[in-house]
Amino acid sequence: MMTDTFQKKMFQEMERKEIFNQAQNYAFEYADNACERTVFPTDESIANLENFTEDLPNSVGETVEILKQLHKYGSPATTSQIGGRYFGFVCGGVLPVALAVRWLADFWDQNSALYVMSPIASKLEEVVESWLRELLGLPNQTVAGFVSGSSLATFCGLAAARYRVLQNNHWDINKQGLNNAPKIRIVAGRQAHATVAKAVALLGFGTDNVEWVDTDSQGKIVLSQVPKLDKSTIVTLQTGHVNSGAFDPIDEICDRAINANAWVHIDGAFGLWAASSKKLRHLTKGIEKANSWSVDGHKTLNTPYDSGIVMCSDQDALSHALQASGSYLAYNENRDGMLYTLEMSRRARVIELWASLKYLGKTGVDQLVFGLHQKAVQMSRELSAEGFHILNDVVFNQVLVACDTNEVTNLTMHHIQKSGECWVGGTKWDDKAAIRVSVCSWATTEEDITRSVRAFVAARDSVTEP
Ligand SMILES: *Cc1c(COP(=O)(O)O)cnc(C)c1O
């Protein structure tokens, strides 16, 4: 019977382990090569992706061949995230310990929705939740939901806010919905991350209704422009502007929000980790006064994708908002992870977070986070010495770079990308073209920075030389 041979084949694969050895060999080959290869795939590697354009197979295939194809054509078409010279977006490298535990945990294939589905995932979520509270200095009652990234974490935080603010206005959003609901005010900086606007739209507030607050030359909210807050207001602040890395004046705004009984959510995707570094902690002063926070594991902390965390000091609001199921919730001694996330079935992504935090410890996290800052400062210093303009105050890990004209900036960026020496993306800053450098990986060395600066210079020379 077909089913039998099909099963037999898979049992054999599990038993013989050859395919896993094959995968491991490929992975090691990839890793050994990661620091030397071009940071962005070559044109040829990209052209070879056509290899994947094929009809869905009719019948059961061969794992060996599938792995071979993936390695041969897939590996060269990756961006080198695990090397030290990928500075695009805000991405983050990957800690070896996190990769290793992930391999083990992949064999477990746990669903972390409920305690009864995975006692180990439940336990580690509980442990990491308390470690995060301590590391970031958040209130004791703060709970954490382990989600795919900050996009979802911000959505969850604002959903909790919506639940609580409406509840305070005698309205049950879960039962009564948005029609005729008391009006909620949303206050956000003009330069809030796009995912804030996304959450605002999805939650039915409408981006046109946001009271956008003016920002300064670094993208920070200007304190004097913050409108009067009240108990119907949700304020979103950010620690770490996606371009400049700037931090909003958290402390002062939180004080006002507390007095007004407004809710504050902090989008701290990459920057919230500053709170775990002695020398950078001043940037996040007052974060403990907010009500909810979003932060990524996969950026600054260098866990593998995908790993985001929503934290909320109002457990009831978070779990009611995400359960949307009225009042049957019972908290028992065993943690059910799905109470704090939108999803029910979910991979046990907490495992890599747990391992990363356990491995680094408090001083290791500090070293990692502060190290990223130091490399960013080095980058800005060396680029500046080479005549590039640094457009932002390098308070964290982001550096905004420009040449003398927009055209030269854009062409220089293009040439850097083509060189494969490092990868940087572009943005607009103050209506000027800018190259955006995000130092995000533990693997970035001082030599990587210097080598990347050389790539900047070579690219600019090739653009400007007659
Ligand atoms: C990256 C980022 C996000 C989105 O996070 P994802 O993990 O990509 O969903 C939100 N806010 C800021 C400031 C970011 O840098």
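Keep in mind that what you see is a predicted model, and the values were worked out from it rather than measured. Just so you know, ligand 1 is whichever comes first in the structure, and atom 1 is the first atom listed for that ligand.
Remark: the Thr78 side chain and the Arg37 side chain contain an N/O donor-acceptor pair separated by less than 3.5 Å. There is no side-chain donor-acceptor pair under 3.5 Å between Tyr86 and Thr444.
Close approach to Thr195 involves these atoms of ligand 1, each under 4.0 Å from a residue heavy atom: 4 (C), 10 (C), 11 (N). Interface of Phe270 with ligand 1, defined as ligand atoms under 4.0 Å from a residue heavy atom, comprises 15 (O). Of all atoms in ligand 1, numbered sequentially from 1 with element shown, those under 4.0 Å from a heavy atom of Ser151 are 4 (C), 5 (O), 6 (P), 9 (O). Close contacts of ligand 1 with Gly240, meaning ligand atoms under 4.0 Å from a residue heavy atom, involve 13 (C). Which parts of ligand 1 touch Asp296 is read off a 4.0 Å heavy-atom cut-off, strictly below it: atoms 5 (O), 6 (P), 7 (O). Close approach to Val242 involves these atoms of ligand 1, each under 4.0 Å from a residue heavy atom: 15 (O). Near Ala269, with a cut-off below 4.0 Å to any heavy atom, the atoms of ligand 1 are 2 (C), 3 (C), 10 (C), 11 (N), 12 (C), 13 (C), 14 (C), 15 (O).
Taking 4.0 Å as the cut-off between side-chain N and carboxylate O, Arg256 and Glu252 do not count as a salt-bridged pair. By the 4.0 Å N-to-carboxylate-O rule, Arg335 lies close enough to Glu125 to be salt-bridged with it.
Between Arg436 and the options Asn243, Thr427, Asn392, a side chain to side chain donor-acceptor pair (under 3.5 Å) holds for only Asn243.
For atom 8 (O) of ligand 1, the closest heavy atom belonging to the protein is Lys299 NZ, 4.1 Å. With respect to atom 5 (O) of ligand 1, the closest heavy atom belonging to the protein is Ser150 CB, 3.1 Å.
The closest approach between any non-hydrogen atom of Gly308 and ligand 1 is not below 4.0 Å. Within the structure, the closest approach of His298 to ligand 1 falls below 4.0 Å when heavy atoms are considered.
Tyr359 OH: 12 or fewer foreign heavy atoms inside a 6.0 Å radius. Applying the 6.0 Å contact sphere to NZ of Lys228 captures no more than 12 heavy atoms from other residues, nucleotides or ligands.
Counting only non-hydrogen atoms, the option in Val295, Asp267, Leu272 that gets closest to atom 11 (N) of ligand 1 is Asp267.
At a threshold of 4.5 Å between non-hydrogen side-chain atoms, the residues Phe456 and Ile435 count as touching.
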